[in-house]
Amino acid sequence: MSTKATSPRATAPRTTSLETTSSSAMPTKTIGIQLINACLQYKDSQAPTLSGINMTIPAGQWTVLLGRSGCGKTTILRYLAGLLDDKVEWQGELITTDNLLLTEHIAYMAQQDLLLPWLNVLDNVCLSSRFNHSQRDLHKDQPRALKLLQQVGLVDYCYAKPDQLSGGMRQRVALARTLMQDKPVVLMDEPFSALDAVTRHKLQTLSADLLKDKTVVLITHDPQEAVRLANQLYVLQGSPAKAQPLAVPESAIPRVLDGECAALQHAILQQLEKDYE
Ligand SMILES: Nc1ncnc2c1ncn2[C@@H]1O[C@H](COP(=O)(O)OP(=O)(O)OP(=O)(O)O)[C@@H](O)[C@H]1O
């Protein structure tokens, strides 16, 4: 592993090398990410948002971030997605497998669904393919998009416009669009927050299945969701925020909730409560 300081962030390369998981002739299948002593301050803010963040996001696993509202979770995701480059001062190291530029390998599901109102559901799901593929590939993409819409329970709405859908339905379309992108790194900001309990459970299971080999970073406010899905778990805390790791069971995800999971859920709540004292 080689590391290189990137300070200040805006004028330095986005990434340095983490480790090699594939030969250079082969497409890289998985990407790991590491943040070392990362500090971030919005240029229009008086105080830093993040300070001394140390976080390992292993390739092919789910890393879950929790923390009280406004602590900086979305900021980390947006930084990884390359959306804050001109808005923040950054110090620290961002290390990726094979020195890969993250922005080219990321699917990002933001808190807002960002569906285009003039496109129907199917076209919204195929949106990323429109930019990436030829017209011929587009036709190949449609059956896959329809399959995903069926899996999220919306195939009957494929020709509906976003404004004809409920908030939870829109969120499911956004999830299908994210899954459609087939990127090695998937960043998801509260992807199940608008769903009823049963649909949420089903789509957690579906996502764990379809994103099995991906590097996933998930933000959630739901400790139970975190326990079901986390291979790594961090609670962001304080102001500026630091990342506190919590140990999770070694069992495969999505977990069936047992006594060990209940204990972890309790530990998460206790950790979160420290930010309210
Ligand atoms: N563009 C910006 N300029 C200045 N400050 C910002 C900007 N965007 C976010 N912030 C501030 O950064 C802090 C962290 O915001 P962020 O959206 O990362 O929080 P969060 O943990 O994701 O919150 P939530 O759980 O409510 O989504 C907040 O204090 C917010 O006001």
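Just so you know, ligand 1 is whichever comes first in the structure, and atom 1 is the first atom listed for that ligand.
- Counting heavy atoms under 4.0 Å from ligand 1, residue K87 does not touch it at all.
- More than 12 heavy atoms of other residues, nucleotides or ligands shown are found within 6.0 angstrom of NE2 on H221.
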Run the side-chain donor-acceptor check on residues 50-72: report pairs under 3.5 Å with partners two or more places apart or on a different chain.
{"unit_1": "N54", "atom_1": "OD1", "unit_2": "N37", "atom_2": "N", "d": "2.7"}
{"unit_1": "Q61", "atom_1": "OE1", "unit_2": "Q232", "atom_2": "NE2", "d": "3.1"}
{"unit_1": "R68", "atom_1": "NH1", "unit_2": "D275", "atom_2": "O", "d": "2.7"}

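- By the definition of a contact as any protein heavy atom under 4.0 Å away, atom 30 (C) of ligand 1 is not in contact.
- For atom 22 (O) of ligand 1, the choice among T74, I219, L236 with the nearest heavy atom turns out to be T74.
- Atom CG of residue L100 and atom CD1 of residue I31 lie 4.5 Å apart, to the nearest 0.5 angstrom.
- Those atoms of ligand 1 with a heavy atom of D44 less than 4.0 angstrom away are 3 (N), 4 (C).
- From the protein, the heavy atom lying nearest to atom 26 (O) of ligand 1 is S69 OG, 2.5 Å.
- Atoms CG and CG, from D196 and L203 in turn, are 9.0 Å apart once rounded to the nearest 0.5 Å.
- With a 4.0 Å cut-off on non-hydrogen atoms, T75 touches ligand 1 through its backbone as well as its side chain.
- Atom 11 (C) of ligand 1 has as its closest protein heavy atom Y42 CE1, 3.9 Å.
- Of the candidates Q111, E190, K73, it is K73 that places a heavy atom closest to atom 21 (O) of ligand 1.
- When heavy-atom distances to ligand 1 are checked against a 4.0 Å cut-off, I76 has no atom that comes that close, whether in backbone or side chain.
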Mind running side-chain contact (heavy atoms from CB on, under 4.5 Å) on V227 and V248 for me, showing each step along the way? CA-CA 7 Å; V227 170; V248 300; over 6 Å; no

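- Within the listing of ligand 1, atoms 12 (O), 13 (C), 14 (C) sit less than 4.0 angstrom from a heavy atom of T49.
- Contact between H221 and ligand 1 is present, with at least one heavy atom of the residue lying under 4.0 Å from the ligand.
- Taking CD from Q164 and CG from N120, the interatomic distance works out to 9.5 Å, rounded to the nearest 0.5 Å.
- Every N/O-N/O distance between G67 and ligand 1 stays at or above 3.5 Å.
- Summarising the contacts of atom 24 (P) of ligand 1 with A241, G70, P48, the nearest heavy atom is found in G70.
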